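Remarks on the structure that follows.
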2 protein chains.
Amino acid sequence: MPELDAIDRKILALLQTDSRLTMQELADKVGLSVSPCHRRVKLLEERGVISRYVATVDQKALGLHVSVFISIKLARQKEEDLNRFARAISKWDEVLECYLMTGNRDYLLRVVAADLASYETFLKTKLTRLDGIASIESSFALSQVKYSIALPV
Amino acid sequence: MPELDAIDRKILALLQTDSRLTMQELADKVGLSVSPCHRRVKLLEERGVISRYVATVDQKALGLHVSVFISIKLARQKEEDLNRFARAISKWDEVLECYLMTGNRDYLLRVVAADLASYETFLKTKLTRLDGIASIESSFALSQVKYSIALPV
DNA sequence: GCCAATATTGGGATAGTTTACCAATTGAAC
DNA sequence: GTTCAATTGGTAAACTATCCCAATATTGGC
């Protein structure tokens, strides 16, 4: 696995911000001509450094006004319990993020919903129906101060 | 602001997963020909429903092995204090997400770092140097169980 | 420090994609 | 059932990605 040099990192920074740049524009910005720039991008894709290209959608435009962080403790933390939990939440589109945590909770989830009523529906019809959950604690976000997909390079 | 119909939502779902689909492929998948499909995508862009196109980068490939959630309380919560805090964290690339929260903390941040040492540097040279912070509590993620950018449509 | 081997770069040609225009079709209101 | 407005589909032109090959730069050995 070869290292990422300064130009690779610049390419990543730019594509994380705007993947619709043409190769010509990207090449100009990183100080290469189109061919080597193109080759570098393809290599970054093949090596899995660039994993995908996506459109980002405005949460308010979709009417998703509620963002909730949920702390979850499981009754048991055996590997099988963890895997079962991970499989379940992976299926649910409302769950955008889920982390296995250190400290006094097992999981931290970020969930979005249209309003409190549909969040309640999510809780009642999905999350609380899972076996092996010891406790659930919801924390509501008043506003999104910052949201970025761009990892520091 | 016209409503999003079923085809618009299908377009959004597909582009949130893969924005590199050609108009031909996208049109086939939603059951339109290229022209109307292209017109709909452009409208979604103009109306801000699609906000941008980005490449997603693999966190491990960049060597960013540490993900931390930070709970922060401010000494005061006047609008000016909140704005000052928001401006500061917005500048820092390590902070990927920041939410103003209800409950017993003011902010929840998601921060990434290469290792514990560089996280410590972030804390010491940036976060703890801010004025007006009453408390900071770090919660470490052991692993990312789910991470999605695709909002439910 | 020089040379050979290797990797990287740049330009040009081609295939593929986006985009704009216009006619045809569909749907809705009266 | 007819008219008007909105949406659709096809075609052509402009733009972009992609591949190939020659030229240039970099690295390692001596």
Side-chain angles (χ1 to χ4, degrees), chain A residues 1-58 60-64 148-153, chain B residues 1-64 114 148-153:
Chain A
M1 188 87 160
E3 281 299 305
L4 301 172
D5 66 11
I7 295 180
D8 288 329
R9 289 177 186 276
K10 200 161 180 185
I11 288 173
L12 292 175
L14 289 163
L15 289 182
Q16 281 191 120
T17 301
D18 181 6
S19 66
R20 279 287 175 98
L21 289 170
T22 65
M23 276 299 157
Q24 186 64 65
E25 290 167 330
L26 187 63
D28 289 348
K29 282 174 195 284
V30 303
L32 285 177
S33 68
V34 170
S35 296
C37 186
H38 179 256
R39 234 175 69 81
R40 278 168 182 263
V41 171
K42 288 296 147 198
L43 269 173
L44 290 168
E45 291 170 4
E46 280 164 25
R47 287 159 60 191
V49 181
I50 294 175
S51 43
R52 55 211 307 229
Y53 294 91
V54 300
T56 65
V57 172
D58 185 70
K60 280 183 189 152
L62 291 180
L64 299 167
S148 171
I149 296 155
L151 298 169
V153 295
Chain B
M1 188 88 160
E3 280 300 305
L4 301 171
D5 66 10
I7 297 180
D8 288 330
R9 289 176 186 277
K10 200 161 181 184
I11 288 173
L12 291 175
L14 289 164
L15 289 181
Q16 281 191 119
T17 301
D18 181 7
S19 66
R20 279 286 175 100
L21 290 170
T22 65
M23 276 298 157
Q24 185 65 64
E25 290 167 330
L26 187 63
D28 289 348
K29 283 174 194 285
V30 303
L32 284 177
S33 68
V34 170
S35 297
C37 185
H38 179 254
R39 236 176 68 81
R40 278 169 181 265
V41 171
K42 286 298 148 197
L43 269 173
L44 289 168
E45 291 170 3
E46 282 164 25
R47 287 159 59 192
V49 180
I50 296 174
S51 42
R52 53 213 308 229
Y53 295 90
V54 300
T56 66
V57 172
D58 186 69
Q59 194 171 329
K60 279 183 187 150
L62 291 181
L64 298 167
S148 170
I149 296 155
L151 298 170
V153 294

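By convention in this document, chain letters (A, B, ...) are assigned in the order of the sequence lines, proteins followed by strands, and residues within each chain are numbered from 1. Worth saying up front: this structure is predicted, and the values here are computed from it rather than measured.
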- Stepwise, does the salt bridge (Lys or Arg N to Asp or Glu O under 4.0 Å) test hold for Arg40(A) with Asp5(A)? CA-CA 11 Å; Arg40(A) 278 168 182 263; Asp5(A) 66 11; 3.0 Å; yes
- Item | Nucleotide nearest Arg39(A) when distance is taken to its side chain, options dG10(C), dT9(C), dT8(D) | dT9(C)
- Message: Looking at Asp58(B) and Arg52(A), is there a salt bridge between them, counting it only when a charged N and a carboxylate O are closer than 4.0 Å?
- Response: no
- Starting at CD1 of Ile7(A) and ending at C1' of dT26(D), how long is that distance when rounded to a whole Å? 13 Å
- Message: Heavy atoms only, 4.0 Å cut-off, all strands: where does Ser35(B) land among base, sugar-phosphate and nothing?
- Response: base
- Note on the structure: Of the candidates dT17(C), dT8(D), dG10(C), the side chain of Thr22(B) sits closest to dT17(C)
- Query: In whole Å, what is the span from the CG atom of Leu32(A) to the C1' atom of dT8(C)?
  - Reply: 9 Å
- Specify the separation, in whole Å, of atom CG of Leu26(A) and atom C1' of dT18(D). 15 Å
- Message: I want to verify a distance call: between dT18(D), dT18(C), dG9(D), whose nearest atom is closest to the Met23(B) side chain?
- Response: dT18(C)
- Looking at every strand, decide which applies to Arg20(A) at a 4.0 Å heavy-atom threshold: base, sugar-phosphate, or nothing. nothing
- Message: Quick check on dA17(D): is either OP1 or OP2 less than 4.0 Å from any side-chain nitrogen or oxygen of His38(A)?
- Response: no
- Item | Residues forming a salt bridge (charged side-chain N to carboxylate O under 4.0 Å, His left out) with Lys42(A), sequence neighbours excluded | Glu45(A)
- Task: Kindly indicate whether the side chain of Leu4(A), heavy atoms from C-beta on, has any atom under 4.5 Å from the side chain of Leu62(B).
- Result: yes
- Task: Provide, to the nearest angstrom, the distance between the NZ atom belonging to Lys42(A) and the C1' atom belonging to dC20(D).
- Result: 17 Å
- Query: Has the side chain of Gln16(B) got a donor or acceptor atom that lies under 3.5 Å from a matching backbone atom of Ala13(B)?
  - Reply: no
- Query: Do Ser33(A) side-chain and dG11(C) base share a donor-acceptor contact under 3.5 Å?
  - Reply: no
- Message: Rounded to whole Å, how long is the line connecting atom CG of Asp5(A) with atom P of dA7(C)?
- Response: 16 Å
- Task: Would you indicate which nucleotide in dG12(C), dG9(D), dA17(D) comes nearest to any side-chain atom of Pro36(B)?
- Result: dG9(D)
- Gln24(A) CD to dT18(D) P: how many Å, rounded? 14 Å
- Query: Counting just side-chain N and O atoms, does Arg40(B) come under 4.0 Å of either OP1 or OP2 of dT7(D)?
  - Reply: no
- Task: Take atom CG of Asp28(A) and atom C1' of dG11(C), then tell me their distance rounded to the nearest Å.
- Result: 14 Å
